Amino acid sequence: MRVFNTLSGKKEVFSPLEEGKVKIYACGVTVYDLCHIGHARSAIVFDVIRRYFRYKGFDVTYIRNFTDIDDKIINRAKKEGIPWDEVARKYTEEYYRDMDALGVERADLEPRATEHIKEIIEIVKGLIEKGYAYVVDGDVYFEVEKFKDYGKLSKRSLKDMMAGARVDVDERKKNPLDFALWKASKEGEPAWPSPWGPGRPGWHIECSAMSMKHLGETFDIHGGGADLIFPHHENEIAQSEAYTGKPFVRYWIHNGFITIDREKMSKSLGNFFTIRDILKRFDPEVVRVFLLSTHYRSPIEFSEEQLLEAEASVDRFYTTLQRVEIFKSLGSRKERRSPLEEPLRQSTESLRARFEEAMDDDFNTALALGHMYELLREINRFLDSKPSGDVALSLISDAIRALRETGAVLNVFQRSPKEWHLSLLRTRVPNMTEEEIQKKIELRASARKEKDWKRADAIRDELKEKGIILEDTPSGTIWRVKAGHGR
RNA sequence: GGCGGCGUACCCAAGCGGCUAAGGGAGAGGUCUGCAAAACCUUUAUUCGCCGGUUCGAAUCCGGCCGCCGCCUCCA
């Protein structure tokens with residue numbers, strides 16, 4: 001496996017610290033508001049990375065934290081007039097609601113900053129003792145100039161950063177880039193006792209404390225959005241390595257941003273879409289496929305158009321699956337061999353290898369999906385050649401199994417066509433039930449029996465108006481919800 | 001200003017020195033069908049922002065230019 005390591009700036013062969021095991025820490029979210037699609041991207045990217053390591057047979061420990069104490073949470077609490085911990089609790093719940101819907105698996109451990117105050121204080125104490133940190137009025141700062149390698153992740157020297165520094169000049173700090181390990185609390189703010197007076201942890205220290213506690217002083221992979229490279233991850237390295245004297249993380253993985261009109265989606269620009277809103281209009285699987293259709297390090301332009309394309313892709317899978325189900329329901333019949341057996345057999349057999357080759361190369365999910373669509377076409381071609389019998393049945397079953405297994409790594413293509421179409425029906429055509437559609441289909445069937453094409457077509461057109469497509473197949477008429485651009 | 005990235009067909013997108021430049025969407029034509037839909041087939045890049053260079057050979061490596069974006073402050 002090759003993984004792009006932000007630290008070295010290139011793809012490296014991945015070899016874990018401990019044979020057969022991978023320890024991953026991904027930065028989660030600060031729970032002060034609903035998550036937007038950018039948060040979804042990060043969560044899904046690392047969800048897939050974790051699933052892929054597991055697929056490859058690694059024993060994976062995956063940790064994703066919650067920042068549950070921070071200025072933004074305190075501000076939000078003031079705004080909403082509720083206690084700060086209530087804000088954290090509420091948005092943690094909302095986070096789970098969104099991520100569960102998107103098929104993001106829970107991490108093995110989901111630690112919270114406030115549960116690790118003891119460990120944080122321990123590290124801060126150690127850093128002061130070792131001369132890397134200093135106390136000012138109850139605050140504790142990390143002294144960046146004491147750490148020789150400061151800037152090695154973001155590839156900047158202290159001098160470079162000073163030149164373009166836009167940081168607030170705080171006269172109490174020895175260097176404007178010194179960052180807070182511990183912040184003294186103001187009156188009425190949440191506070192924990194510490195050797196430096198009541199206060200709360202700085203933002204960066206929690207990740208060092210939690211990752212090292214649960215994964216050890218050196219672990220394999222640490223990740224998050226590319227905007228965390230500086231200062232967050234740079235600071236984590238500084239404080240962790242200064243404290244332990246050991247390398248902190250072996251591979252740093254960062255995902256790219258989501259853009260709107262080619263600009264980074266962010267809270268401050270106000271150009272963001274919440275996961276909640278998107279899921280009102282698109283199936284979660286569509287969002288996953290949309291996000292995985294581009295390499296994780298590239299920017300993705302978010303648009304309705306793009307989601308519709310992803311929807312068409314997902315629909316293509318389930319439409320084919322539906323064909324397969326119909327084929328199977330016709331039962332085992334007279335053996336009729338197809339000249340396309342061999343191409344299908346080969347595509348099926350090579351899918352796993354091609355999938356792994358793509359994923360082994362820095363988690364190329366876009367290429368992996370491309371291979372899956374190729375097999376999908378092979379299945380359709382085979383079905384078009386009108387085969388029947390046991391050989392055909394087993395070839396098709398093998399092909400579908402291969403798609404299901406590789407799909408499981410991306411956590412897509414795991415439902416039945418019926419579930420997919422019912423899900424679309426609920427969100428797209430809420431005023432129509434499956435029973436009503438079935439009734440129309442029966443009406444049309446009797447019209448067709450009498451060769452009353454006009455009446456039959458009128459019924460079909462009526463449903464089409466509402467976004468429901470009827471298809472006449474060998475085993476009767478089936479319905480689908482119009483997906484993609486045509487919808 | 002410093003550092004980093006990107007520019008591949010109508011749109012999205014893979015491609016990391018050499019097989020016909022994946023795949024999806026959209027459009028056009030065809031096969032199938034009562035008609036459709038779906039599916040399949042054909043078609044839309046002799047060419048990868050532009051200009052040079054290295055090489056037997058470059059979308060892929062190097063240099064310059066143009067355009068876009070990100071980080072340097074909280075941010076996934």
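Bear in mind the structure is a predicted one, so any value in this text is a computation, not a measurement. Reminder, nothing fancy here: chain letters follow the sequence lines and each chain counts from 1.
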Point to revise | NZ or CZ of A:Arg106 within 45° of A:Tyr96 ring axis and under 6.0 Å | key: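 Here A:Arg106 passes the 6.0 Å and 45° test against A:Tyr96.
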Review point. Considering heavy-atom distances to RNA chain B, does A:Ile37 or A:Ile469 have its closest nucleotide positioned more toward the 5' end?
Key: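 Its nearest nucleotide lies further toward 5', so the answer is A:Ile469.
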Check your understanding: With nearest nucleotides of RNA chain B determined for A:Gly28 and A:Asp457 from heavy-atom distances, which residue corresponds to the more 5′ nucleotide?
Key ->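 The residue whose closest nucleotide sits nearer the 5' end is A:Asp457.
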Review point. How close or far is atom C1' of B:C40 from atom CG of A:Asp384, stated in whole angstroms?
Key: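 Distance check: A:Asp384 CG to B:C40 C1' gives 5 Å.
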Exercise for review: Specify the separation, in whole Å, of atom CZ of A:Arg487 and atom P of B:A26.
Suggested key: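 One finds 13 Å between P of B:A26 and CZ of A:Arg487, rounded.
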From C-beta outward on [X], which listed nucleotide comes closest to its side chain: [options]?
X        : options             : value
A:Asp472 : B:G34, B:G2, B:A22  : B:G34
A:Leu228 : B:A76, B:G23, B:A14 : B:A76
A:Phe257 : B:A76, B:C41, B:G24 : B:A76
A:Trp453 : B:G34, B:C72, B:C3  : B:G34
A:Arg480 : B:G23, B:C40, B:A37 : B:A37
A:Lys264 : B:G24, B:C71, B:A37 : B:C71
A:Ala312 : B:A76, B:G25, B:C74 : B:G25
A:Leu177 : B:G34, B:U73, B:C16 : B:U73
A:Thr294 : B:A39, B:C74, B:A13 : B:A13
A:Arg460 : B:G24, B:A76, B:A36 : B:A36

With a 4.0 Å cutoff (strictly under), does any side-chain N or O of [X] reach OP1 or OP2 of [N]?
X        : N     : result
A:Arg156 : B:C71 : no
A:Asn364 : B:G15 : yes
A:Arg455 : B:C35 : no

Check your understanding: Does A:Tyr373 lie flat on the base of B:G24, that is, centres under 5.5 Å apart and planes under 30° off?
Key ->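 No, A:Tyr373 does not stack on the base of B:G24.
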Looking just at side-chain N and O atoms, do [X] and [Y] make a donor-acceptor pair shorter than 3.5 Å?
X        : Y        : answer
A:Tyr141 : A:Arg172 : yes
A:Ser423 : A:Asp283 : yes
A:Asn271 : A:Glu263 : no

Could you give the distance separating [M] and [N] at their [atom1] atoms, to the nearest angstrom?
N     : M     : atom1 : answer
B:G49 : B:C10 : P     : 14 Å
B:G29 : B:C66 : C1'   : 40 Å
B:C48 : B:G53 : P     : 16 Å
B:U60 : B:U54 : C1'   : 14 Å
B:A59 : B:G7  : P     : 15 Å

Exercise for review: Determine the sole option in A:Lys267, A:Arg41, A:Lys264 for which the salt bridge (charged side-chain N to carboxylate O under 4.0 Å, His left out) test with A:Asp227 is passed.
Suggested key: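 The option that passes is A:Lys264.
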Point to revise | Watson-Crick or G-U wobble partner of B:C40, both distances under 3.5 Å | key: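 Looking at the geometry, B:C40 pairs with B:G30.
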Review point. Taking all non-hydrogen atoms of both residues, which atom of A:Pro190 and which atom of A:Trp84 are closest, and how far apart?
Key: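 Scanning both residues, the minimum pair turns out to be CB-NE1, 3.3 Å.
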